[in-house]
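What follows is a short report on a single structure.
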Amino acid sequence: MENIFSGSYYAVIPAYIRYNKELKFAERLMYGEITALSNKEGYCFASNRYFAELYGVSISTISRWISHLAEIGSLHIEVIRNDKKEIIERRIYVVDNPYMQNNQYPYVQNSTYPICKKSKDNIININMLDSFYNYIINKEEKIPKEFENLEMQILDVLEKYEMIYPEEIINCMKPENVEKIKVISYSLALAIKENVGYLLYKMNREQIISLYDECKLRETEYKETDKEIQSFTNYYYKSLKGQLLKGKGPSFFMPKNKKNESKSSEEDEEGEER
């Protein structure tokens, strides 16, 4: 087994992972291993072969476990390619928010959890924000590529939270209010994309706006300190997602697809393929 991954790093397995009946025990354990391996660089770069040797299962089984954790929004997978489009590295980021037992949202920017602040906070950039805003407000022809096939769901949510304004009203707004619409709208769309949109029923429009205002206060408070917020949109989205996931028990994940459930049930029991 690769010695590069050995070390004394601690593992973090939050309660909603430990007690989630939709996850196999081995998946929960591997989640903890990924958090431990993420402490040094902010992400885990261990291969499927490493995990397969560690747990005594096949590489395809590890692939399914990681895919399942990614599907429920617990992991983010980034594939690094060279100029020839060849894969040179895979990075696994832990993206869950309820990572500290006593943490209260808004999201704490300088958390000790193994997420690299610089790499994660740059996921949402100003170009992505403006592109989505132009589609919603200025009626550009196509929704940004990252939200393809989610257009109807996103528009339904934005209408529900009254985030779609006529251009003439937008032109009369103060710049800070336009920015608020941009950030909140994008964050709602991202919630749909990351499969936590079904939890939005927990928050009404006033609560979502109030959370934004509180995050803005934190941004001012943390300015020029070691907790300074590098990307406000990323900070607000993490706070929103954290509120949606807050207090969830083992059954908060969406039901598994019946077809996939029956297909993997024989292989994925404890002590499966060796």
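The closest side-chain heavy-atom distance from Phe147 to Ile192 is not below 4.5 Å. Side chains of Leu244 and Leu200 form a contact here, defined as non-hydrogen atoms less than 4.5 Å apart. No side-chain heavy atom of Val12 sits under 4.5 Å from any side-chain heavy atom of Val94. Inter-residue side-chain proximity for Lys182 and Thr233 is flagged as unmet; no heavy-atom pair is nearer than 4.5 Å. Counting heavy atoms from C-beta outward, Ile136 and Ile181 have side chains that stay 4.5 Å or more apart. Counting heavy atoms from C-beta on, the side chains of Ser38 and Tyr93 never come closer than 4.5 Å.
Side-chain atoms of Glu27 come within 3.5 Å of backbone N or O of Lys24 as a donor-acceptor pair. Between the side chain of Ser187 and the backbone N or O of Val183 there is at least one donor-acceptor pair closer than 3.5 Å. Without hydrogens or angle criteria, Asn195 side chain to Glu71 main chain gives a donor-acceptor distance under 3.5 Å. With hydrogens and angles disregarded, no donor-acceptor distance shorter than 3.5 Å links the side chain of Arg218 to the backbone of Asp213. Checking side-chain atoms of Gln207 against main-chain N and O of Asn204 turns up a donor-acceptor pair under 3.5 Å.
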Verdict with reasoning, Met30 to Ile66, per side chain to side chain contact (heavy atoms under 4.5 Å, CB included): CA-CA 9 Å; Met30 187 175 68; Ile66 292 177; 3.6 Å; yes
Residue pair Ile170, Tyr133: steps toward the side chain to side chain contact (heavy atoms under 4.5 Å, CB included) verdict: CA-CA 11 Å; Ile170 289 290; Tyr133 173 79; 3.1 Å; yes
Verdict with supporting geometry, Glu219 and Lys216, salt bridge (Lys or Arg N to Asp or Glu O under 4.0 Å): CA-CA 5 Å; Glu219 182 183 41; Lys216 273 296 178 184; 3.0 Å; yes
Thr61/Arg64 under side chain to side chain donor-acceptor pair (under 3.5 Å): CA gap, chis, key distance, verdict: CA-CA 5 Å; Thr61 294; Arg64 287 196 298 273; 3.2 Å; yes
Side chain to side chain contact (heavy atoms under 4.5 Å, CB included) evaluation trace for Leu190 with Lys241: CA-CA 9 Å; Leu190 202 56; Lys241 185 179 178 183; over 6 Å; no
From CA spacing to verdict: side chain to side chain contact (heavy atoms under 4.5 Å, CB included), Leu23, Leu69: CA-CA 8 Å; Leu23 291 172; Leu69 288 165; 3.9 Å; yes
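Note on Tyr198: it clusters hydrophobically with Leu245, by side-chain heavy-atom contacts below 4.5 Å among ILVMFWY residues. Note on Ile208: it clusters hydrophobically with Met173, by side-chain heavy-atom contacts below 4.5 Å among ILVMFWY residues. No chain of hydrophobic side-chain contacts below 4.5 Å, direct or via other Ile, Leu, Val, Met, Phe, Trp or Tyr residues, connects Ile59 to Val79. Hydrophobic clustering of Ile, Leu, Val, Met, Phe, Trp and Tyr side chains at less than 4.5 Å, counting indirect connections, unites Tyr201 with Leu188.
Of all the heavy atoms in Ile229 and Cys215, the pair that sits closest is CD1-O, 4.5 Å. Contact record, Glu22 with His68: O-CE1, 3.1 Å, taken as the closest heavy-atom pair. Between Ile17 and Ser74, the closest heavy-atom pair is CD1-OG, 3.7 Å. Shortest non-hydrogen contact noted between Ser185 and Met163 is OG-CB, 3.5 Å. Contact record, Arg205 with Tyr161: NE-O, 2.7 Å, taken as the closest heavy-atom pair. Looking at every heavy atom in both residues, Lys180 comes nearest to Ile209 through NZ-CG2, 4.0 Å.
Here the CD1 atom belonging to Ile164 is positioned 12.5 Å from the CD1 atom belonging to Ile169, to the nearest 0.5 angstrom. Interatomic distance, Leu155 CG to Ile143 CD1, rounded to the nearest 0.5 Å: 6.0 Å. Taken to the nearest 0.5 Å, the CG atom of Leu158 stands 10.5 Å off from the CD1 atom of Ile184. With values rounded to the nearest 0.5 angstrom, Glu179 atom CD is found 10.5 Å from Asn177 atom CG. One distance of note links CG of Leu29 with CD1 of Ile13; it measures 6.0 Å at 0.5 Å rounding. To the nearest 0.5 Å, atoms NZ (Lys238) and OG (Ser231) are separated by 9.5 Å.
With a 6.0 Å cutoff to the six-membered ring centre and a 45° limit on the axis angle, Arg28 does not count as a cation-pi contact of Tyr31.
The distance between the ring centers of Tyr135 and Tyr186 does not fall below 6.0 angstrom. Between Tyr50 and Phe45, the distance separating the two ring centers is not shorter than 6.0 angstrom.
The environment of Asn171 atom CG is dense: over 12 non-hydrogen atoms of other residues, nucleotides or ligands sit within 6.0 angstrom.
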